[in-house]
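One structure below.
Convention: sequence-line order gives letters A, B, ...; per-chain numbering from 1. As the structure is a computational prediction, the values presented were derived from the model and not from experiment.
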Amino acid sequence: MIVGTISSMNHKPIIALITDFGTQDAYVGTMKGVLLSICPAARLVDLTHAIPPQQVRQAAYVLLTAFRHFPPETVFLVVVDPGVGTAREPVAVQTDQGVYVAPNNGVLSYVLARVQDQQAVVLDNPAYHLADVSQTFHGRDIFSPAAAHLANGVAIERLGSPADVLRLDDPTLVITAAGIHGEVLHVDHFGNVITSIGYLAWTGPDTLSLTPAFGAQQQAPITLNAAACSIVIGSRTLQPIHTTYGAVPPGTLTPLVGSSGQLEIGVNQGNAAQVLGVSPGDPVILRLANEE
Amino acid sequence: MIVGTISSMNHKPIIALITDFGTQDAYVGTMKGVLLSICPAARLVDLTHAIPPQQVRQAAYVLLTAFRHFPPETVFLVVVDPGVGTAREPVAVQTDQGVYVAPNNGVLSYVLARVQDQQAVVLDNPAYHLADVSQTFHGRDIFSPAAAHLANGVAIERLGSPADVLRLDDPTLVITAAGIHGEVLHVDHFGNVITSIGYLAWTGPDTLSLTPAFGAQQQAPITLNAAACSIVIGSRTLQPIHTTYGAVPPGTLTPLVGSSGQLEIGVNQGNAAQVLGVSPGDPVILRLANEE
Amino acid sequence: MIVGTISSMNHKPIIALITDFGTQDAYVGTMKGVLLSICPAARLVDLTHAIPPQQVRQAAYVLLTAFRHFPPETVFLVVVDPGVGTAREPVAVQTDQGVYVAPNNGVLSYVLARVQDQQAVVLDNPAYHLADVSQTFHGRDIFSPAAAHLANGVAIERLGSPADVLRLDDPTLVITAAGIHGEVLHVDHFGNVITSIGYLAWTGPDTLSLTPAFGAQQQAPITLNAAACSIVIGSRTLQPIHTTYGAVPPGTLTPLVGSSGQLEIGVNQGNAAQVLGVSPGDPVILRLANEE
């Protein structure tokens with residue numbers, strides 16, 4: 001049982017943070033002061049604080065790329081929250097791979113589609129808030145104390161009322177006979193273009209399986225022929241799907257399966273987003289057969 | 001007594017860093033190497049390293065936003081220092097809420113106006129410097145060793161000679177019968193415009209108290225009527241002061257009391273600095289009554 | 001012996017990271033999840049993640065600025081790797097000042113020219129990789145596990161086959177009778193221009209010694225007269241070499257010896273790279289005598 005593990009003597013819990021706060025202010029540092037005041041043993045890890053302001057789906061994707069690589073009792077503190085000061089609820093969710101503290105706005109959707117044993121509460125017990133809750137900085141006053149108390153081994157049901165159903169975002173993924181329509185989800189530091197089309201996995205030298213899994217919309221896997229597929233993005237049609245950037249010459253565009261299973265467009269030693277002229281929200285189509 | 005607490009067995013001191021060094025070089029990482037070499041038990045927290053180069057007052061404000069949320073024995077290492085290589089003195093100050101290591105250039109002014117039990121020294125004891133002090137990187141060679149030794153529980157008086165008076169910046173705050181004249185102090189990651197007008201606190205549904213407290217210039221609180229006040233900034237006159245961004249429709253400007261008590265101008269789900277066209281140093285006036 | 005020290009009870013190893021991954025994605029955070037999963041006691045320090053993509057020599061320089069200021073058993077995890085997906089080998093090198101995990105592309109050249117007792121292996125033992133090695137993220141799947149196992153005290157020879165010779169970059173430094181020809185290596189956060197000309201050290205009020213030391217190209221020190229030297233960079237000829245920015249009036253350009261021993265051009269309280277209009281790769285000449 002996770003709580004037992006966390007509260008064991010000498011335990012050094014991990015709290016991993018993801019926010020849209022940037023690092024030019026001390027907002028993140030202030031949250032860390034709260035975390036260490038309540039849970040002095042915590043080890044704090046920054047996932048990123050550079051989510052574009054209030055871009056919930058990009059945050060959901062970035063969290064997806066990281067969560068499996070942490071110990072299962074890790075507390076993930078996610079504060080990307082267009083609704084501060086409004087009625088959206090702060091929640092905590094305990095699973096078999098991570099404990100999550102976040103606004104209930106869909107930011108956990110990618111992860112929750114991939115984990116088990118979910119128990120969720122609304123953070124409505126003021127005993128686990130800071131003494132003075134501001135109306136503008138719930139990350140400091142509500143989310144951080146909850147994460148720190150969970151890291152200390154406080155049972156999740158003490159933090160608030162049960163939340164039976166998490167409200168999940170609708171995915172942008174549409175699957176038809178002709179192909180799979182998605183969008184650009186994220187452009188990474190290297191200019192790699194990550195799309196909402198996933199989860200993809202190689203099942204043979206030329207075959208891929210596709211398991212759509214954003215939020216509740218889980219479906220049976222679809223089998224794809226990597227050589228027959230083509231990807232339409234910007235003004236380009238690209239094929240086939242390769243396994244790595246290095247499979248094509250330097251400077252060349254190639255679709256590939258990214259390190260978290262999303263369809264990705266990269267350029268070997270180059271910047272795909274610049275070459276394609278695309279940014280988050282732009283459409284991308286994965287055609288299941290080559291239709292010249 | 002703070003030193004006793006710090007030197008107790010098993011103590012895991014916190015050192016919180018704020019600099020204008022950025023994160024593109026290894027300057028901050030090098031300081032952390034020095035800190036952990038001298039104080040292996042230290043837990044290091046970044047407040048920010050993105051203070052605009054040598055902007056002492058913005059650093060003073062950012063430190064203000066964070067310091068109360070850390071344990072009282074935390075060591076704050078502040079290196080924002082236009083005067084490296086000149087005669088300004090490096091100092092350490094021990095208080096009831098934090099131990100501070102910084103250049104003596106006013107960067108501690110906001111915090112020192114709010115804490116007690118101050119004991120200050122100049123860091124002039126070379127036994128607590130690195131063996132080879134460079135002439136260009138005192139953050140590594142003088143400030144970091146001092147912070148690490150203090151975190152180890154070394155008594156502050158061993159680090160150098162007493163410094164009776166800290167030289168404080170003059171505030172830019174001017175209070176007249178017509179209103180309170182300040183300036184834009186900081187634009188945060190979200191475009192919220194934080195002003196030098198503070199410290200403000202709600203004392204009733206429509207009333208605020210204002211306690212000017214930058215450096216030595218402390219005064220008795222002034223009572224304000226939130227509904228009658230107006231704020232003049234850029235080409236706009238704004239009123240009333242609200243309690244949160246969400247009190248106005250998305251896209252709308254509103255004055256509010258920020259999470260550290262400064263007068264702030266925000267836009268619900270938007271960027272106030274862009275809408276107003278203002279940046280640090282621009283004037284702002286808080287009129288005490290509506291003068292149509 | 002380092003391994004003995006590392007594996008001792010209660011040891012809290014340091015792993016210091018330098019990458020070109022940026023901090024907008026969770027790539028670095030994911031590596032930290034892997035590091036802490038394998039080595040829960042590790043203390044993680046970011047040197048920088050803002051190396052320009054795939055700029056191996058800038059990474060080599062930034063590592064040089066930091067490595068001496070960490071405890072000698074520190075593990076340095078360096079992932080700046082234009083060759084992911086190609087044949088370059090991942091290596092680990094144990095020395096008397098740091099254990100290094102990096103691609104074998106020359107990124108360790110500056111450091112390895114200054115340390116002793118080198119033992120190097122190729123990371124070709126899959127028992128010390130993650131179970132599923134991707135083809136696009138070796139930082140997570142190969143480099144991080146190696147660093148964490150080394151931090152745990154695993155003997156370096158268990159990680160792979162001996163690597164007798166590390167392939168080192170050629171330096172850009174050319175020494176002639178007329179002067180020393182180098183290039184701009186790095187522009188730091190303050191606009192200071194760091195050059196490939198080093199290692200310089202003051203040996204008297206007016207004399208400097210120069211010890212070229214990039215990679216294998218070590219030479220006997222050359223003695224320079226600081227007052228007679230001039231530096232040609234951009235369209236400017238600058239002299240003499242000063243000891244600190246503050247030795248010249250604010251706004252004035254001056255050559256100096258940087259805090260890691262490289263020839264540097266700075267402006268007191270200003271931005272030298274902007275004033276000079278130079279960027280990495282631009283030529284710089286250190287003339288040994290003033291040739292009006």
Side-chain angles (χ1 to χ4, degrees), chain B residues 9-10 12 15 17 19-46 48-56 79-88 103 105 130-142 144-145 148, chain C residues 10-14 16-18 20 22-23 43-52 58-59 61-74 76 98 186-192 194 201-202 242-248 250 254 256-261 264 266 268-271:
Chain B
M9 207 82 97
N10 294 326
K12 301 175 69 173
I15 303 175
L17 295 89
T19 76
D20 62 355
F21 290 175
T23 52
Q24 76 192 61
D25 311 294
Y27 297 144
V28 171
T30 300
M31 287 174 55
K32 291 179 179 177
V34 172
L35 292 169
L36 292 174
S37 293
I38 296 172
C39 181
R43 289 168 295 164
L44 308 179
V45 176
D46 298 305
T48 184
H49 302 292
I51 299 296
Q54 310 168 347
Q55 293 301 307
V56 169
V79 191
V80 178
D81 189 11
V84 67
T86 68
R88 71 90 194 89
N105 60 14
L130 288 197
D132 294 314
V133 173
S134 72
Q135 293 190 278
T136 55
F137 195 0
H138 290 179
R140 178 188 70 190
D141 302 336
I142 296 176
S144 290
Chain C
N10 294 327
H11 183 72
K12 301 176 70 173
I14 299 173
L17 295 88
I18 178 167
D20 62 355
T23 52
R43 289 168 296 164
L44 308 179
V45 176
D46 298 305
L47 295 181
T48 184
H49 303 292
I51 299 296
Q58 284 196 49
Y61 165 73
V62 171
L63 180 62
L64 168 70
T65 66
F67 85 107
R68 277 206 192 285
H69 296 280
F70 282 80
E73 66 274 19
T74 300
F76 293 89
H186 181 67
V187 173
D188 80 6
H189 176 69
F190 298 95
N192 297 314
I194 292 116
W202 291 96
H242 283 112
T243 55
T244 186
Y245 315 107
V248 294
T254 182
L256 69 159
V257 178
S259 53
S260 290
E264 183 175 323
N268 188 10
Q269 299 180 36
N271 187 306

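- Counting only heavy atoms from C-beta outward, the side chains of T48(C) and Y27(B) never approach each other to under 4.5 Å.
- For the side chain to side chain donor-acceptor pair (under 3.5 Å) test, residues two or more places apart in sequence or in another chain that qualify with T19(B) are H49(B).
- Of the two parts of V62(C), the backbone and the side chain both hold a non-hydrogen atom closer than 4.5 Å to a non-hydrogen atom of chain B.
- Nearest heavy atom pair, residue V45(C) against residue G29(B), reads CG1-O, 4.2 Å.
- Interatomic distance, D25(B) CG to I51(C) CD1, rounded to the nearest 0.5 Å: 8.5 Å.
- At a 4.5 Å heavy-atom cutoff, the contact between D20(B) and chain C is made by backbone and side-chain atoms alike.
- For L63(C), no part lies near chain B; criterion is any non-hydrogen pair under 4.5 Å.
- Nearest heavy-atom pair across A50(C) and Q24(B) is CB-CA, 3.7 Å.
- Side-chain contact between L44(B) and R43(C) is absent, with no heavy-atom pair separated by less than 4.5 Å.
- Both the backbone and the side chain of S37(B) come within contact range of chain C, judged by heavy atoms closer than 4.5 Å.
- The salt bridge (Lys or Arg N to Asp or Glu O under 4.0 Å) search around D46(C) returns K32(C), not counting sequence neighbours.
- The most heavy-atom pairs under 4.5 Å with chain C, out of V28(B), L35(B), L36(B), come from L36(B).
- Rounding to the nearest 0.5 Å gives a distance of 12.5 Å between OG1 of T30(B) and CZ of R68(C).
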